[in-house]
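Down below is the structure, laid out as C-alpha cells.
Everything numeric here is computed off the predicted structure, so don't read it as measured data. The sequence lines fix the lettering, A, B, ..., with proteins before strands; numbering per chain opens at 1.
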2 protein chains.
Amino acid sequence: MGSLDPSLISGLPVFEGLAATDLDRIVGQARSLRIARDQPVFEQEQEAHSFFLLLDGHVRVVKSTPDGQEVTVRYISPGELMGIAHALGRATYPANAMAAVDCVALAWPSRLWPHFAADYPSFGANTYKVVGSRLQEAHSRVIELATEQVEQRVAHALLKLVNQAGRKTEEGILIDFPITRQNIAEMTGTTLFTVSRLLSAWEDLNLVKGGRQKVTVVAPHQLLLIAEGRARKS
Amino acid sequence: MGSLDPSLISGLPVFEGLAATDLDRIVGQARSLRIARDQPVFEQEQEAHSFFLLLDGHVRVVKSTPDGQEVTVRYISPGELMGIAHALGRATYPANAMAAVDCVALAWPSRLWPHFAADYPSFGANTYKVVGSRLQEAHSRVIELATEQVEQRVAHALLKLVNQAGRKTEEGILIDFPITRQNIAEMTGTTLFTVSRLLSAWEDLNLVKGGRQKVTVVAPHQLLLIAEGRARKS
DNA sequence: GAAATTCTTTGCGCAGGGGCAAATTCGCCA
DNA sequence: TGGCGAATTTGCCCCTGCGCAAAGAATTTC
C-alpha cells in the first residue's frame, strides 16, 4: 500500500457524507496501482475481481462488438469509479478499459462491494447515484445518435472531452490525453475519415487546431452552435 | 384502493426476497390507478411525485428533443417499475410515459422511496438492479445505433418487441399493442418511410405481416439473421 | 353512411457520409 | 540522422437512407 494523501481523496463525490473513520476503513482496504499507458485496467467478459477509483490519468472504456467494431462508452477522469460491475448486478466487466495515459488508481476486491454498500450507506447511495447518472448519460447518447447528424455528434464529443479533460493553452483548450481521429470516431459512431474531414474543415474556420493524437478547441462557442445544429449552413 | 390480488404481485422480480408482511406494507401504501390508452402516466420535466409499478398494459417511454423530435427510450411491460426518477437521483421525470393501451398500475408517492429502500433492503437492491440492467440496455442501444445499419436496427427492434410483448396467433407472433411505423422509427433512429419500406420488403419475403398499427412476425429466425447482419444480401 | 383523420405505401431525387486507395506527415527508435 | 510505422489527409465513387409529395387504406366522427 503506497502513501496516499487522504485529503485528496476525502473531497471526492463518491465519498461525500462519509465519516472520516469510515473513509479510512474503506481506503485502508484498497491497494493502489499504477497502469502504464495503453495497458488494460480490466477486460470485457473477464470476471470482475475488482472495482477501481481512478486517482490520476484518463481511462478509455470501450465495448467491442462480436464483429470487431469498437464503441467508446466513456472516458474516466480522476475521481471517478470504474469497473463497478457488481453495482450493475454483473459478475463480469461489460467493457474493456485502457489507460489513455499513465494512470494511478485504487482497487478493491469486488467481494467487498456489498459490505461497503451495507456498512456505509452514504457510500452505497453515492455509487448508486453514479449508476443513475450514467444511465442518464447513456440515454443522452442514444438520443444524440438517433437524432443528430455526424457533424453535430462530433462537435458534441469534442466539447464533452474539453469539459472533462481540457487544459488551457495559449492556442485554446487542449484535450489532455492522446486521442486519435479513430478514437473520436468510436465515440460518435462514424469513421476516422469523416472525423478527419470535419476537423480539417473546422481548422480552416479556426474553430479547432488539429495535431497528431491531439485536438485543441479554439472556439468552443462556435462549436456549440454546430453541436446544436444552429450553425449557419454556409 | 381497489381489490388487488397480492399473489399476482408477490411473484414479481422487484419483490423477490421480500417477506410477505413487508410486501403487504409496501403494497398497502400504493394507490392503484387506471390509465386510458394514449393518456400520459407522467411527463418529462414534471416533478416526480410518484413512481409506478405497471400491472397491466404497455407504456411507451419517450424523450423529446428541444427541436421536437422524439426518441422512444423503452416499452414498459407488466411487472416493471417506471418513473423511478428518485432512484436515478432526479427530482423530475426524464421522459414522457404514454399508455399504449389501457393500463393498470400501482403508484407510490416518491417520498416513500428512500424509506422503502432503507427499510426493505431487498426491495432497494432489486430496484438498483433494475437501474443497472437498464444501463446495460442503454449501452446496447448505443452500440446498435453506432455500428448497425437501419435494417439491422429495425429487425432488432421487432424482435425485442416480440419477445417482450408478443402474442402467438395462427399467422405468427403479434406485437400485442398498437404500434405505428412512426413508433418503430422512433425506437431505431430512422424515419417512418424507411420502416415502411423495410416492412414491405420483409412482407414480400414472408418474414413479417403488416397491418395498420400492427406487426406480426412470421419468421423470427430469418429476422434474427437480418438483425445480426448475417442475411444473404440477395 | 359520408366526411374527416390518421396511418401507410411508394415513387423520385439527392445528399450525407462510408469505403478504399494513395499520398503525406509526424514522431519515435535504432 | 535516417528510416519505419502509425496517424492523418484527401480524392473519388457510390450506396444507404432521408425528404417530400401524392395517393391509397383503415378508422373514427358526426
Side-chain angles (χ1 to χ4, degrees), chain A residues 36-38 60 67-71 98 100-101 144-155 157-158 175 177-205 208-216 226 229 231 233-234, chain B residues 36-38 60 67-71 98 100-101 144-155 157-158 175 177-205 208-216 226 229 231 233-234:
Chain A
R37 179 173 166 186
D38 291 333
R60 204 190 321 278
D67 59 310
Q69 296 193 77
E70 311 224 299
V71 178
M98 280 279 262
V101 294
E144 283 187 20
L145 284 163
T147 64
E148 296 180 356
Q149 314 235 107
V150 169
E151 185 179 32
Q152 297 176 267
R153 303 205 302 266
V154 173
L158 288 187
I175 294 167
F177 52 81
I179 185 165
T180 66
R181 307 295 179 262
Q182 174 67 34
N183 290 328
I184 298 173
E186 286 170 4
M187 297 179 69
T188 50
T190 180
T191 63
L192 82 162
F193 306 107
T194 298
V195 172
S196 177
R197 279 184 254 264
L198 284 171
L199 290 184
S200 296
W202 291 341
E203 188 149 9
D204 291 345
L205 297 172
V208 306
K209 177 108 181 32
R212 192 191 175 83
Q213 306 201 42
K214 202 172 65 170
V215 180
T216 303
I226 293 175
K233 48 190 75 173
S234 74
Chain B
R37 179 174 167 187
D38 291 333
R60 204 189 319 279
D67 59 310
Q69 296 193 77
E70 312 223 299
V71 178
M98 281 280 261
V101 295
E144 282 187 20
L145 285 163
T147 65
E148 295 180 356
Q149 313 238 105
V150 169
E151 186 179 32
Q152 296 177 268
R153 302 205 302 266
V154 173
L158 287 187
I175 294 168
F177 52 81
I179 186 165
T180 65
R181 307 294 180 264
Q182 174 68 32
N183 291 329
I184 298 173
E186 287 169 4
M187 297 179 69
T188 50
T190 180
T191 64
L192 82 161
F193 305 106
T194 298
V195 172
S196 177
R197 279 184 253 264
L198 284 171
L199 290 185
S200 296
W202 291 340
E203 187 149 10
D204 291 345
L205 297 171
V208 305
K209 176 109 182 30
R212 188 190 175 84
Q213 306 200 42
K214 203 172 65 167
V215 180
T216 303
I226 293 174
K233 47 190 75 176
S234 72

## Note on the structure
Between CD of A:Gln213 and P of D:dG5 the distance, given in whole Å, is 17 Å
### Nearest-0.5 Å distance that lies between atom CD in A:Gln182 and atom OG1 in A:Thr191
8.5 Å
### Whole angstrom value for the distance that separates C1' of C:dT8 from CG of B:Leu198
14 Å
### Message
Under 4.0 Å, counting only non-hydrogen atoms across every strand here, what does B:Ser196 touch: a base, just sugar-phosphate, or nothing?
### Response
base
### Summary
In this structure, CD of B:Glu70 is separated from CE of B:Met98 (nearest 0.5 Å) by 8.5 Å
### Task
Please tell me which of A:Thr194 and A:Arg212 maps to the more 5' nucleotide of DNA chain D, matching each residue to the nucleotide holding its nearest heavy atom.
A:Arg212
### Message
What is the distance, to the nearest angstrom, from the CD1 atom on A:Ile175 to the P atom on D:dA7?
### Response
16 Å
### Whole angstrom value for the distance that separates C1' of C:dT25 from CD of A:Glu203
13 Å
### Message
Within this structure, what is the CG-CD distance for the pair A:Leu198 and A:Glu203, rounded to the nearest 0.5 Å?
### Response
12.5 Å
### Query
Quick one: B:Trp202 CH2 to C:dT9 C1', roughly how many Å, whole number?
16 Å
### Query
Quick one: B:Arg181 CZ to D:dA26 P, roughly how many Å, whole number?
12 Å
### Message
Heavy atoms from C-beta onward define the side chain here; which of C:dG19, C:dG17, C:dT10 lies closest to that of B:Phe193?
### Response
C:dT10
### Query
What's the CD1-P distance between B:Ile179 and C:dC7, to the nearest Å?
13 Å
### Query
Taking only side-chain nitrogens and oxygens of A:Thr190, does any of them come within less than 4.0 Å of OP1 or OP2 of C:dG17?
no
### Side-chain donor/acceptor contact of B:Arg197 with base of C:dG11 under 3.5 Å
yes
### Message
To the closest 0.5 Å, what do you measure between CD (B:Glu186) and OG1 (B:Thr180)?
### Response
7.0 Å
### Task
Calculate the interatomic distance between A:Leu199 atom CG and C:dC26 atom P; express it in whole Å.
16 Å
